[in-house]
Amino acid sequence: MNLKLRLHLLQHLSTQEDEIGSTWIWLLAIIGIIGVIAAIAIPNMSKCGPNKAVLAEAKSAIGTMNRSQQAYYLEYATFAKSIKELQVGIREQTEHYNYSIQAQENIVFNYAIARHEYAHFGWFSKRPVKSYVGGVFIYKDPKTSEGLTLAITCESNLPGLIKPAKPTMSKGVPTCGKGTTPLTR
């Protein structure tokens, strides 16, 4: 082979090796960028993902039970003593919660008790599951002597499998019990 041809062949082969190396560098750079995006996105997705739906289930159910108890009292002058009697379409047990009612003469407590302290969502980290209690009170207005129904929904401060403390009535205002926080109305 003549010298000119060899030189041309060597030049061509060295150019190809640069292109292959360059391709690998680009591929590694793209994989690195995807890795950084995943490292940022996955923790954020786990914070706003399935756990919010679990908690929303309980909050919605307690809100529905509170409003239904108020309507039930207006119609029957007593509170429903069971979920079946309340007829709101809420099951007594779901994957994450047990629902129950504890009725007295002038007050009713509606419970959503967590069935486990933490929920696992596949490769998402485990997330805390809190319990909830709703209270509906009959309050006699001292000025008009008219009976009113007042409701409150409280969230336990910590995840757990026990009933949250019952709300109480303080100076005509429903108040959450110890270890619970009121949800905004």
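When reading the values below, keep in mind they use all heavy atoms of this one structure, side chains included, and skip hydrogens, waters and symmetry mates.
Here the rule is side chain to side chain contact (heavy atoms under 4.5 Å, CB included) with P167, and of T175, V133, T153 only V133 fits it.
Looking at Y99 and E92, their side chains never bring a donor and an acceptor atom within 3.5 Å of each other. Using a 3.5 Å distance cut-off with no hydrogens or angles, the side chains of E85 and Y72 do pair a donor with an acceptor.
Pairing each heavy atom of A114 with each of L161, the nearest pair is O-CD2, 3.4 Å. The nearest pair of heavy atoms linking T94 to R115 is O-NH1, 2.8 Å. The two residues P159 and E117 have their closest heavy-atom pair at CB-O, 3.4 Å.
I83 contributes atom CD1, which lies 11.0 Å from atom OG of S68 (distance to the nearest 0.5 angstrom). One distance of note links OG1 of T181 with CD of E155; it measures 6.5 Å at 0.5 Å rounding. Summarising the geometry, atom CD1 belonging to I152 is positioned 12.5 Å from atom CD1 belonging to I62; distances are rounded to the nearest 0.5 Å. Rounded to the nearest 0.5 Å, atoms NZ (K81) and CG (L86) are 12.0 Å apart. To the nearest 0.5 Å, atom OG1 of residue T180 and atom NZ of residue K166 are 13.0 Å apart.
Identified under the disulfide (SG to SG under 2.5 Å) test for residues 147-181, with sequence neighbours left out: C154-C176.
Counting heavy atoms of neighbouring residues, nucleotides and ligands inside a 6.0 Å radius, atom NZ of K140 does not exceed 12 of them. Within 6.0 Å of atom CD in Q104, more than 12 heavy atoms from other residues, nucleotides or ligands are found, so the atom counts as buried in its surroundings.
Side chains of Q69 and I101 form a contact here, defined as non-hydrogen atoms less than 4.5 Å apart. Residues T149 and I138 have side chains in contact (heavy-atom distance under 4.5 Å, counting atoms from C-beta outward). Between I113 and P164 there is a side-chain heavy-atom pair separated by less than 4.5 Å.
Tracing side-chain contacts under 4.5 Å through hydrophobic residues (I, L, V, M, F, W, Y), one never reaches L74 starting from F137; they form parts of separate clusters. In terms of hydrophobic clustering, with Ile, Leu, Val, Met, Phe, Trp and Tyr side chains grouped at heavy-atom distances under 4.5 Å, F109 and L148 are assigned to a common cluster.
In this pair, H116 and H96 present their aromatic rings perpendicular. The plane angle is above 60°, beyond the 30 to 60° band.
Scanning for ring-ring contact (aromatic ring centres under 6.0 Å, His included) contacts around Y73 gives F79, with sequence neighbours left out.
Listed for the S131 side chain is a donor-acceptor partner under 3.5 Å among the backbone atoms of G160.
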